[in-house]
Amino acid sequence: MSKGTFEIKVGLAEMLKGGVIMDVTNPEQAKIAEDAGACAVMALERIPADIRKDGGISRMSDPEMIKGIQDTVSIPVMAKCRIGHFAEAQVLETLEIDFIDESEVLTPADEHNHIWKHDFKVPFVCGCRNLGEALRRIAEGAAMIRTKGEAGSGNIVEAVRHMRTVMTEIKRVTRLDEEELVAEAKDIGAPLSLVQQVAKLGKLPVPNFAAGGIATPADASLMMQLGAETVFVGSGIFKSDDPAARAKAVVEATTHFKDPKIVANASTGLKKAMKGLDMSDIPKEERLQERGW
Amino acid sequence: MQGDFALHHNALERIGIESVPVKTPSDLDQIDGLVIPGGESTTMSLLINTYNMFEPLVRFGMSNPVMGTCAGLILMAEVVNDDRIDPLGLIDIVIERNAYGRQIESSKQKVEFVFSENHKIKLSTTLIRAPRITRLSDDIKVLGEYNNSPIAILSGHHLGLSFHPELDEIDIFHQIIFDKQSEFYFKKIEHLDVA
């Protein structure tokens with residue numbers, strides 16, 4: 001019998017497809033998320049919008065809070081650790097978290113290295129802005145990739161940019177000759193074997209989800225139509241005026257993303273969405289997506 | 001609706017069977033067999049109820065072949081140990097969700113399956129936060145067991161698996177329930193005595 005292999009890690013990511021993963025900061029929010037149809041929750045101390053507002057160092061969540069959420073819901077519970085902070089990841093593994101997000105939303109612990117994720121039995125998800133970054137994370141052992149977007153902004157523009165970039169680069173790779181793939185691997189800074197795999201499959205070798213700025217049912221539908229296989233919604237739910245209704249609406253729009261009538265119905269009668277930020281209001285040095293390489 | 005449906009589409013394509021996604025009651029008019037995939041059973045149950053799929057699915061299941069893996073098996077059960085889920089009651093079993101623990105306990109192992117006296121095969125089985133069948137009625141045929149619990153059961157034209165053959169690209173279970181040409185088709189094996 002084997003446990004914690006790469007295949008088994010990717011297996012759980014496969015089960016989450018077509019669903020919505022929601023950021024929650026306490027058991028009550030986790031319950032709202034599960035009741036609304038979330039396929040997993042992400043336990044974190046502050047949602048990205050508050051991290052952005054409050055500043056300070058943002059770290060792994062308190063184990064007690066994580067356990068409280070694990071005791072409350074039956075769906076998978078994910079949690080974030082800082083980029084490169086493998087000791088936080090070890091703690092999360094001990095807590096039997098179902099998925100670890102090595103996340104740019106928290107303050108990075110290592111400016112040069114990400115975690116060597118093959119050392120863990122628990123699967124990891126990592127953010128990316130382009131194909132090279134995605135493949136570097138997969139090489140380190142990530143079993144799921146999400147586009148970074150700009151967390152806590154309520155602005156979909158960066159998530160779209162990153163998903164479009166990844167998809168365009170994948171299409172490009174599928175058209176290259178063998179010798180060109182070597183040059184491409186060098187240019188995007190990714191292992192050749194993974195670039196060759198992408199060229200053959202026409203997609204990433206692990207599930208590809210979207211995150212960072214999704215605030216409405218139509219945002220979720222947009223990301224799914226652009227090629228995301230599942231969406232993460234962070235601040236968008238619990239920074240809105242009606243978290244339970246909005247959570248359910250985003251789930252419906254994600255499932256029925258190709259059916260504009262259903263997305264329209266799901267969008268009807270919701271209260272105010274989170275206010276959101278224009279990218280020009282976020283100085284480059286405060287952009288979370290710039291963290292990690 | 002939610003889950004690893006894409007892998008099931010791949011499996012069906014490999015055995016030459018066309019498949020379409022099913023998300024609303026009218027989608028059921030176009031098909032003559034159904035796979036309920038792995039995923040989150042709470043999410044699927046909610047979507048089934050929101051889109052008035054419950055009655056149509058039960059009606060469809062009464063006269064057509066249905067296969068469920070993991071969360072799909074949970075939804076096919078008569079009784080589930082979780083009141084957030086309304087099971088369809090297609091197979092007379094009692095089932096316990098996440099019975100083996102969290103993701104860190106998810107595992108892969110070889111299990112011997114007995115389809116008939118002449119068809120015994122060892123296959124890889126991947127259990128992902130898997131459920132456990134805790135009670136089943138006498139007329140249900142057990143095709144395979146793991147840890148003293150059935151993990152593959154056949155009940156008339158309903159096939160329930162607590163593991164994921166679609167993750168390991170094993171197509172024999174799809175053949176059992178959908179492929180009339182296959183020697184494993186359930187109507188060919190159901191009358192054979194299994195010791």
Side-chain angles (χ1 to χ4, degrees), chain A residues 1-5 7-21 31 33-41 70 73-78 92-100 120-123 143 203 207 229-230 247-249 251-252 254-259 261-262 265-266, chain B residues 1-8 10 21 23-24 27 37-51 69-72 74 80-85 96-98 100-111 124-131 146-147 163-164 166-169:
Chain A
M1 185 176 72
S2 53
K3 289 182 180 177
T5 62
E7 274 178 308
I8 292 172
K9 293 173 182 174
V10 175
L12 178 57
E14 294 284 349
M15 301 310 145
L16 299 173
K17 280 187 181 174
V20 181
I21 301 164
K31 180 88 176 56
E34 184 177 50
D35 289 347
C39 67
V41 290
Q70 285 174 317
V73 296
S74 62
I75 53 180
V77 177
M78 304 183 168
L92 292 174
E93 180 167 70
T94 305
L95 295 174
E96 299 195 353
I97 215 76
D98 292 297
F99 237 107
I100 298 175
F120 291 80
K121 285 191 164 158
V122 168
K203 59 196 251 339
E229 293 173 299
T230 280
K248 190 156 185 287
V251 170
E252 289 176 28
T254 303
T255 306
H256 298 279
F257 68 94
K258 278 185 188 161
D259 188 335
K261 274 191 196 149
I262 291 184
N265 270 337
Chain B
M1 309 197 101
Q2 187 272 321
D4 71 336
F5 40 80
L7 296 176
H8 283 285
N10 295 348
K23 296 182 178 183
T24 57
D27 293 334
E40 282 307 316
S41 48
T42 46
T43 304
M44 291 192 225
S45 189
L46 190 105
L47 289 165
I48 285 171
N49 289 331
T50 305
Y51 288 91
T69 61
C70 197
I74 295 173
V80 183
N81 71 329
D82 190 326
D83 56 13
R84 286 167 285 207
I85 293 162
E96 187 190 341
R97 290 184 69 209
N98 301 336
Y100 297 91
R102 299 183 185 280
Q103 171 64 9
I104 201 160
E105 298 300 329
S106 291
S107 63
K108 182 168 175 165
Q109 51 275 311
K110 292 260 184 200
V111 168
S124 288
T125 57
T126 303
L127 294 163
I128 305 277
R129 291 170 41 96
Y146 169 67
N147 256 349
F163 61 101
H164 296 281
E166 72 281 9
L167 274 178
D168 293 305
E169 301 193 355

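Throughout, a chain's letter reflects where its sequence line sits, starting with A, and its residues are numbered from 1.
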message: Under 4.5 Å from any heavy atom of chain B, what part of A:Ala13 do you find: side chain, backbone, both or neither?
response: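 Neither part, no heavy atoms under 4.5 Å.
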query: Measuring heavy-atom distances to chain B, does A:Ala40 have an atom under 4.5 Å in its side chain, in its backbone, in both, or in neither?
result: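 Nothing of A:Ala40, per the 4.5 Å heavy-atom cut-off to chain B.
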Main-chain N/O of [Y] paired to [X] side chain as donor or acceptor, under 3.5 Å:
| X | Y | value |
| --- | --- | --- |
| B:Thr43 | A:Gly37 | yes |
| B:Lys23 | A:Thr255 | yes |
| B:Gln109 | A:Ser2 | no |
| B:Gln103 | A:Ile8 | yes |
| A:Glu14 | B:Phe5 | no |

Minimum-distance pair of heavy atoms, taken over all atoms of A:Ser74 and B:Thr42: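 Distance-wise, the nearest heavy atoms are OG-CG2, 4.0 Å.
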- prompt: For A:Cys39 and B:Glu40, which heavy atoms make the closest approach, and how far apart are they?
  reply: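 Closest approach of A:Cys39 to B:Glu40: O-CG, 3.1 Å.
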task: List the steps, then state whether side chain to side chain contact (heavy atoms under 4.5 Å, CB included) holds for B:Glu105 with A:Lys3.
output: CA-CA 7 Å; B:Glu105 298 300 329; A:Lys3 289 182 180 177; 2.6 Å; yes
task: Please determine, among A:Glu7, A:Lys121, A:Glu34, the option with the most heavy-atom pairs under 4.5 Å with chain B.
output: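 With the most close heavy-atom pairs to chain B, the winner is A:Glu34.
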query: side chain to side chain contact (heavy atoms under 4.5 Å, CB included) between B:Gln2 and A:Thr254: does it pass, once the steps are laid out?
result: CA-CA 9 Å; B:Gln2 187 272 321; A:Thr254 303; over 6 Å; no
Step-by-step side chain to side chain contact (heavy atoms under 4.5 Å, CB included) determination, B:Leu167 to A:Met15: CA-CA 10 Å; B:Leu167 274 178; A:Met15 301 310 145; 3.9 Å; yes
- prompt: How far does NZ of A:Lys248 sit from OG1 of B:Thr50, to the nearest 0.5 angstrom?
  reply: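 It comes to 3.5 Å.
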query: Roughly how far, to the nearest 0.5 Å, is NZ of B:Lys108 from OG1 of A:Thr5?
result: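 Interatomic distance, A:Thr5 OG1 to B:Lys108 NZ, rounded to 0.5 Å: 6.5 Å.
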message: Heavy-atom pairs under 4.5 Å with chain A - which of B:Met1, B:Arg102, B:Lys110, B:Arg97 has more of them than the others?
response: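 Result: the option with the highest number of such pairs is B:Arg102.
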field: side chain to side chain contact (heavy atoms under 4.5 Å, CB included) between A:Ile262 and B:Tyr51, worked out
entry: CA-CA 10 Å; A:Ile262 291 184; B:Tyr51 288 91; 3.1 Å; yes
query: Is chain A contacted by the side chain of B:Ile104, its backbone, both, or neither, given a heavy-atom distance below 4.5 Å?
result: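 Its backbone and side chain both get close to chain A.
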